Amino acid sequence: MHVAGRIEDYALIGDMQTAALVCRDGTVDWLCLPRFDSPAVFAGLLGTEEHGFWRMGPVNGNGPKQADRRRYRGDSLVLESEWDTPRGTVRVIDFMPPRDGAPQVIRIVEGVSGRVPMRSELRMRFAYGWVVPWVHKVDGRTVAVAGPDSVWLDTSVETYGKDLTTYSDFTVAPGERIAFTLSWQPSHHQPPAAAADPEGALEATEEFWREWVEHCTYHGPYRDAVVRSLITLKALTYAPTGGIVAAPTTSLPECIGGIRNWDYRFTWLRDAAITLSSLLRTGYREEARAWREWLLRAVAGDPENLQIMYGIAGERELGENELNWLPGYENSRPVRVGNGAAGQLQLDVYGEVTEALHLAHMTGLARNDYASLLQIKLIQWVEKHWDEPDEGIWEVRGPRRHFVHSKVMTWVAVDRTVKLIESGDVDGPLDRWKDLRETIHRDVCEKGYDKERNTFTQSYGSEELDASLLLIPQMGFLPPDDKRVIGTIEAIQRELGTEDGFILRYPTAGEGLGVDGLEGDEGAFLACSFWLADDLAMIGRVEEARKLFEKLLSLRNDLGLLAEEWDPRLKRQVGNFPQAFSHVPLIDTALRLTASGAYGG
């Protein structure tokens with residue numbers, strides 16, 4: 001009996017349209033087809049074996065055995081897992097070819113030594129584990145059909161059905177390789193072509209990643225961590241549109257057993273904008289251009305109704321629902337699909353989008369007149385609404401407040417647009433927006449700063465702190481050597497730091513309702529901990545910054561992947577996985593520390 005592993009037990013494979021999570025014991029516990037945001041055909045991650053899985057591993061009378069070794073093949077998204085058994089050693093190679101037609105998961109079993117008995121157990125359950133498909137044979141191929149979906153299994157070994165599960169039992173000898181290919185197709189279409197050449201697909205997939213990584217311009221001491229993070233960000237990009245999902249999962253909890261479980265399979269403007277900046281600074285201009293085009297299509301001519309997030313093709317309707325038949329990851333209910341935060345007001349998004357467009361402009365990305373026009377329209381909106389309360393960067397479900405970070409980011413939006421006008425590339429009311437920039441700056445410094453404690457606060461009139469304040473020097477709102485900046489950094493370290501030196505987003509309320517309107521606590525937010533390392537380097541505490549950064553790197557799983565948060569009590573990763581909002585600041589901090597020369601020998 002297989003139960004879902006720890007979050008860090010999972011590997012990511014994907015084809016830049018969807019992704020699968022493969023556990024250390026060889027079980028695919030999560031796969032949505034055909035897109036990131038489609039219903040899962042394997043949802044065992046959020047439930048039990050009854051909700052769908054695909055296990056591949058040595059026959060073991062005591063249940064699934066964890067692989068003795070696993071790794072990605074070089075700088076690729078091709079996973080290799082190896083088991084040592086009393087009868088020999090076997091390797092399973094898992095990957096998804098960059099898509100040219102039907103989405104496919106290919107698993108190649110390779111004998112290394114001895115003769116190893118193997119078993120494939122495939123239990124397909126459509127609609128997030130709710131629907132049992134009709135499984136039958138067509139021309140020797142196994143097909144599962146339910147409603148609009150069909151999934152086809154191709155392999156050279158015999159398959160048989162038992163207990164609503166498709167099995168294959170076989171033995172591999174040294175050098176022998178046996179392939180399994182799972183393909184999705186709309187049920188009303190002709191069957192997908194069988195994967196006649198899984199070995200060729202493997203070679204092409206490795207070549208794709210090898211060529212893509214060659215574009216990376218970072219060659220510093222943290223190259224392995226940076227490249228793995230870049231590959232992960234590429235894997236989270238929906239290739240047909242350029243949209244970037246925050247994570248390929250839903251409802252992995254921020255606190256085990258808690259209710260802070262959200263669907264991250266959408267494109268947050270904030271996450272996508274900071275991802276764009278990391279891609280631009282590491283040489284990936286084509287991805288940056290594709291994201292800019294996605295943004296222009298998603299926003300269309302309607303910046304007044306800018307959403308904080310969209311579907312991966314630019315969809316606006318992301319209604320939130322609960323799947324009550326799923327017990328949740330380690331009984332963390334509810335399991336949610338869709339995201340009700342899409343209708344929130346988050347003023348900081350205007351700053352992040354404008355900053356991304358500004359960076360694209362400054363790094364010489366081919367000019368797009370509509371992008372410049374969009375930037376002007378965004379500032380026209382900000383001019384009218386910057387002084388309103390909002391839900392803020394953390395998407396609180398409590399009352400709106402005047403969040404300091406939100407105000408700072410409206411200042412960023414105006415500041416970058418002033419610079420665009422000053423460059424002569426666009427026309428706008430320069431003097432009026434310079435005055436607006438000064439007005440916002442003065443407002444934040446007067447109402448968002450606690451003189452007694454020498455720190456900025458979470459919101460106007462609040463005594464609480466918020467880790468988003470760490471972005472004040474990084475955004476250029478105040479210089480790093482300003483006493484208010486240093487005071488804020490030290491206050492956040494003191495009041496939001498965990499025992500092991502990582503950073504919480506803000507105080508949570510445990511049993512009661514906190515500022516976010518939710519019960520319960522959460523782990524240390526990894527992005528905030530990277531931001532602290534950045535700030536420490538900026539204020540000259542570079543050795544402290546380096547130690548914190550390398551401590552954060554040690555939290556990655558054995559494959560270099562990070563979830564959203566770290567639970568300092570349970571010493572494990574929590575939240576959706578892998579998380580763009582963790583891997584982007586990893587890249588940024590590596591670039592900053594490398595530029596400062598602050599790294600180990």
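Worth knowing before you read on, the calculation uses all heavy atoms, side chains too, and leaves out hydrogens, waters and symmetry mates. Quick caveat, the model's predicted, so the values are computed rather than measured.
The nearest pair of heavy atoms linking Thr267 to Gly311 is OG1-O, 4.3 Å. The nearest pair of heavy atoms linking Thr363 to Arg285 is O-NH1, 2.9 Å. Taking every heavy atom of both residues into account, Cys528 and Arg505 meet most closely at SG-CG, 4.0 Å.
Judged by distance alone, with hydrogens and angles left aside, the side-chain atoms of Glu391 form a donor-acceptor pair with the main-chain N or O of Leu345 at under 3.5 Å. When atom types are taken as modelled, the side chain of Asp450 and the backbone of Asn454 share no donor-acceptor pair closer than 3.5 angstrom. A donor-acceptor contact shorter than 3.5 Å is absent between the side chain of Ser277 and the backbone of Ala356. The backbone N or O of Gly319 sits less than 3.5 Å from a side-chain atom of Glu317, completing a donor-acceptor pair. Side-chain atoms of Arg270 do not come within 3.5 Å of backbone N or O of Gln346 as any donor-acceptor pair. Using modelled atom types, no side-chain atom of Asp415 and backbone atom of Arg437 make a donor-acceptor pair closer than 3.5 Å. Looking only at distances, no side-chain donor or acceptor of Lys447 sits under 3.5 Å from a matching main-chain atom of Arg442. Without hydrogens or angle criteria, Thr410 side chain to Lys407 main chain gives a donor-acceptor distance under 3.5 Å. A distance-only check finds a donor-acceptor pair linking the side chain of Arg297 to the backbone of Thr241 [under 3.5 Å].
Checked against salt bridge (charged side-chain N to carboxylate O under 4.0 Å, His left out), Arg292 has no partners two or more places apart in sequence or in another chain. For Tyr264, the side chain to side chain donor-acceptor pair (under 3.5 Å) partners at least two apart in sequence or on another chain are Glu564. Taking Pro248 as the reference, Leu12, Ala19, Phe36, Leu236, Pro578 meet the side-chain contact (heavy atoms from CB on, under 4.5 Å) condition, with sequence neighbours excluded. Partners of Asp387 under the side-chain contact (heavy atoms from CB on, under 4.5 Å) rule, at least two apart in sequence or in another chain, do not exist in this structure. Evaluation of the side chain to side chain donor-acceptor pair (under 3.5 Å) rule for Gln307 yields no partner, not counting sequence neighbours. Scanning for side chain to side chain donor-acceptor pair (under 3.5 Å) contacts around His405 gives an empty result, with sequence neighbours left out. For Asp263, the side chain to side chain donor-acceptor pair (under 3.5 Å) partners are Arg265, not counting sequence neighbours. Thr354 pairs by the side-chain contact (heavy atoms from CB on, under 4.5 Å) definition with Gln375, Leu378, Ile379, Ala413, Arg416, Thr417, not counting sequence neighbours.
Ring centroids of Trp268 and Tyr310 are separated by 6.0 Å or more, keeping the two rings apart.
Other residues, nucleotides and ligands place more than 12 heavy atoms under 6.0 Å from the NZ atom of Lys571.
Side-chain atoms of Phe525 and Ser582, non-hydrogen and from C-beta on, never get closer than 4.5 Å to each other. Looking at heavy atoms from C-beta onward, Gln573 lies out of side-chain contact with Glu565 at the 4.5 angstrom threshold.
Each salt bridge (charged side-chain N to carboxylate O under 4.0 Å, His left out) pair with one or both residues in residues 458-479, not counting sequence neighbours, would appear here, but there are none. Here ring-ring contact (aromatic ring centres under 6.0 Å, His included) pairs that include residues 437-473, with residues two or more places apart or in two chains, are His402-Tyr460, Trp411-His441, His441-Phe477, Tyr449-Phe456. For residues 327-356, the ring-ring contact (aromatic ring centres under 6.0 Å, His included) pairs, not counting sequence neighbours, are Tyr350-Trp381. For residues 472-494, the set of pairs meeting the salt bridge (charged side-chain N to carboxylate O under 4.0 Å, His left out) definition, not counting sequence neighbours, comprises Asp482-Arg484, Glu490-Arg541.
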Worked verdict on Asp390 versus Arg400 for salt bridge (Lys or Arg N to Asp or Glu O under 4.0 Å): CA-CA 5 Å; Asp390 73 336; Arg400 289 184 176 180; over 6 Å; no

Side chain to side chain contact (heavy atoms under 4.5 Å, CB included) between Glu293 and Asn368, intermediate numbers included: CA-CA 9 Å; Glu293 297 303 313; Asn368 183 306; 3.3 Å; yes

Side chain to side chain contact (heavy atoms under 4.5 Å, CB included) assessment of Glu352 paired with Leu269: CA-CA 8 Å; Glu352 277 111 17; Leu269 294 188; over 6 Å; no

Salt bridge (Lys or Arg N to Asp or Glu O under 4.0 Å) between Glu422 and Lys419, intermediate numbers included: CA-CA 5 Å; Glu422 288 177 333; Lys419 289 175 178 173; over 6 Å; no

Test side-chain hydrogen bond (donor to acceptor under 3.5 Å, both in side chains) applied to Asn261 and Ser332, step by step: CA-CA 8 Å; Asn261 318 319; Ser332 303; 5.1 Å; no

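A cation-pi arrangement, defined by a distance under 6.0 Å to the six-membered ring centre and an angle within 45 degrees of its axis, is present between Arg336 and Trp262.
Taken to the nearest 0.5 Å, the CG atom of Leu46 stands 11.5 Å off from the CZ atom of Arg333. Note that CG of Leu465 and CG of Leu504 are 11.0 Å apart. Values are rounded to the nearest 0.5 Å. In this structure, the separation between CG on Asn576 and CD on Glu254 is 8.0 Å, given to the nearest 0.5 Å.
By the 30° and 60° cut-offs, the orientation of the rings of Trp531 relative to Phe581 is perpendicular.
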